[in-house]
Amino acid sequence: MSRILLLVDRLQQQHLPIAHLNTEHEVIVLDRNCDPNSEFPIPQITFDLCILDEENLAPIGPLVEALKAAAEPIFLPFLLLGKSQTPALSEPQFSQQAQQLDRRIDDLITTPVDAAQLHLRVENLLARRRLSLELHRLQEVIKERTFRESLLIDSLQTANENLQREIAKRAQVETALRENSYLDLLMNAMPDIVCFKDGEGRWLEANQAILEVFELSADEYCGLTDSQLGELSSFYREALQACEVSDRTAWEKGTLSRGEEVISRSDGTVKIYDVIKVPVFHPDGRRKSIVILGRDITEYKQARDELVRLASIVESSDDGIIGKTLAGTIQSWNAGAEKIYGYGAPFVKGQSIEILAIPERPKEMSQILENIRAGATIDHYETVHLRKDGKQIDVSLTISPIKDATGTLTGVSTIARDISDSKRVEKALEQLRHQTEMILFSAGEGICGLNKQGKVTFVNPAAVRMAGCESKELIDRPLYETINRSQEESSKAIELLSPATDINSGSELATDGAALATGKQPHRVSSQILATLADGEARRVTDEVFWRRDGSSFPVEYVVAPMRERGEIIGAVVTFKDITDRLAVERMKDEFISVVSHELRTPMTSIHGALGLLNSGILDAHPQKAKRMLEIAVTNTDRLVRLINDILDLERMESSYSTAVKQTCSIAELMLQAADEMQGMAQQAGVTLSVMPVAAQLRAVPDRLIQALTNLLSNAIKFSPAGATIWLSGELTHNRDVAEKAGSSLLSPEPAANPHLPVSSEILIAVKDQGRGIPADKLEMVFERFQQVDASDSRQKGGTGLGLAICRSIVQQHGGRIWVESVLGEGSTFFLSLPVIGEGLATES
Ligand code: ADP
């Protein structure tokens, strides 16, 4: 059933056939005329069709439009009861609204109204209305279904998104979990110490490193404070308490704090940690947790301390320590370098090391750098450097490469030491050592150094020469095993010697215990030396012999002096000399004195006897005999005078020659002068003197040489018969020629024996006579003192037997030789060879 709203005048209602409508539909009639001022209550009434007449259209026209618009999209029909088919067009006021009416009015029915028409029209409009409603409903259903489906899709999508989010979240959680285990791994693998504590200082998390430091295990720390952990590990109690204190400081500070903590380990080592503490607070200010991170800086600190120590050593070193690049640019320069070279560090830094090079060695520095770059290290290289003030100084350099941790060469370090002073000292010492060595080597005395055990540590050439062996045969052996042989041998040799004075005689000698035990005389040589080594007393010994390698011995005089170091005896020095010559001279002197006393006594006895007779008056009556006595006295006085003169000559010769001044002389002049002096004697004897001088210069004491020549000439005259000739000749020769000339009868045959001797010029003077000659076995003897071929010579020829001895002494003191060749009955030739000098020397005064 539909609801039909009827907006028609009462009058119209009466003619309107709505009876049928009333039966099938609900018809609501609104009659405006009954209350013309009242508003239509249409909006409050729901209806399916509205029938209105023309009179009502004007006032509700806008309303109809609003109602239709409100019902949209459902069709709400309006049926107009009009007087004509085009009621709107007939009225001028509606003429404009005709089209609008078309839109508002759905159907028009003219009055009077036919019931069937009305019914048909109404039913048609209501059918449209129902169809519209159905359509709308269907649309709504469709819409509803579509909405629900979309809702489902939306919910599925939402569910899907949630699921995705959930999956992502789970993935994140898984990642986080994974990361957490990585974090654990990482934390435990870290060498740094890591610890998380809660607001009350209880340990929440700690990595392996911190657990190792405090020697804790992973399952015992959780939830415990430092103090509680200190109870567990009493060794670290103090360290843990110190941590607690520094935690408190960090909390009070409220922000990141950093400091060093020193922990003594139970193994005795001390660890130093650089510790960072980060306190974390709740938003309300309560303490939440504290994060502790610590790095072991023990090695770093040690390295830094070492570096500081090294730096202070470098700075305080007296040596110059210079760092430079491989190219030689100075990078570091210590105070020592400043002191040595005079340059300040700011000036030299950045400069080339070449500023220290001296002009004479321009390539030295670059060469050194090249060697270092090639991997070499130079130790104690001594060179000369230039100071800032231009002075050159001796330096000793130690140059090494500087390498980084990877072994790469990064620079060069030079340690320079000023050795100028030590060089000077070294030079002085060297000179001293050289001098000492020269003294030792040139000393005529044998010098042996002994160690505490009496073994030879040093021998000089004279000692080696005297021992007749090589130095290596003496070194490191006891002196008494080499230079001394055996006690018996030594004693026998000593007995053979003439008695000598021992400054120690009378003093108690150190004795050899073993020798004493056997009752034998102790080995004096070794005991004297060993005694000095034992008691440190110097000794001088003059009555012993030393032995040569060939088994021969020689008398010695030696002094043994102790060597001390810081008061302790470390050895001894034995200084010895061969006293064979001295003993021979002493022996000769003894003989000489006995001969001289005999020789002097003989003429003295004659003089004494003759003068005694004269004095007694016995011969007063015999003037002839008295005269004879006087003659004897005079002759013997002459002989005594000659004897005394010759003895004095000889003695003077030996003692004063060294002080006589040699001068350059012409040998020809000396020969002529000697011949002149002897001319008178030759004439007296009726002998001819023939002189053939040679022109040569020599260094000589002229009077002495003349004395030698006159001696020889005097002998020749003495032993030549009247009418004979004596030749005094000279020639320049060489020592080898001389040797050849001399043959085997030479007094000094060495030159002939050794043809390798250097050949030097000599002057050979010969005094040749035609006298009686000298027997071959006396050729050598005649040069000895008081030796004459014939005992009657002294009486008959007035000789003393000292002339040739004087000649030999003179010639030897001039570096020459003298010898004689003779054929009995034919004559003798005395040769004198003397060294001549060159032109240059000849001009010397
Ligand atoms: P004296 O004063 O006896 O001559 P010398 O020493 O000069 O002493 O000579 C020693 C001895 O040598 C002589 O006594 C003599 O027997 C011998 N004598 C020296 N010269 C000759 C000579 N020219 N001819 C022979 N015999 C000589």
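Just follow the structure's listing: the first ligand is 1, and inside any ligand the first atom is 1.
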Tell me whether [X] reaches ligand 1 (any heavy atom closer than 4.0 angstrom to a ligand atom).
X	result
Gly827	no
Ser828	yes
Phe830	yes

Stepwise side chain to side chain contact (heavy atoms under 4.5 Å, CB included) check, Met681 with Lys718: CA-CA 9 Å; Met681 185 182 172; Lys718 271 196 299 190; 3.9 Å; yes
Proximal ligand 1 atoms for Asn715, defined as those under 4.0 Å from one of its heavy atoms: 4 (O), 5 (P), 7 (O), 9 (O), 19 (C), 20 (N), 23 (N)
For Gly773, the ligand 1 atoms whose distance to one of its heavy atoms is below 4.0 Å: 25 (C)
Residues, nucleotides or ligands: over 12 heavy atoms within 6.0 Å of [X] [atom1]:
X	atom1	value
Lys778	NZ	yes
Glu631	CD	yes
Met563	CE	yes

Lys577 bridged to Asp581 by N-O distance under 4.0 Å: no
Is it the case that ligand 1 has an N or O less than 3.5 angstrom from some N or O of [X]?
X	value
Leu804	yes
Gly801	yes
Val789	yes
Gln787	no

Trace of the side chain to side chain contact (heavy atoms under 4.5 Å, CB included) decision for Leu698 with Leu705: CA-CA 11 Å; Leu698 79 169; Leu705 268 191; 3.9 Å; yes
Ligand 1 versus Asn711: contacting region, heavy-atom distance under 4.0 Å: neither
Ligand 1-proximal atoms of Lys718, by part, heavy-atom distance under 4.0 Å: side chain
Donor-acceptor contact present, side-chain Thr532 to main-chain Glu537, <3.5 Å: yes
The one among Leu712, Val820, Ile774, Thr829 that brings a heavy atom closest to atom 26 (N) of ligand 1: Ile774
Aromatic ring pairing Phe546/Tyr558, orientation class (parallel under 30°, perpendicular over 60°, tilted between): parallel
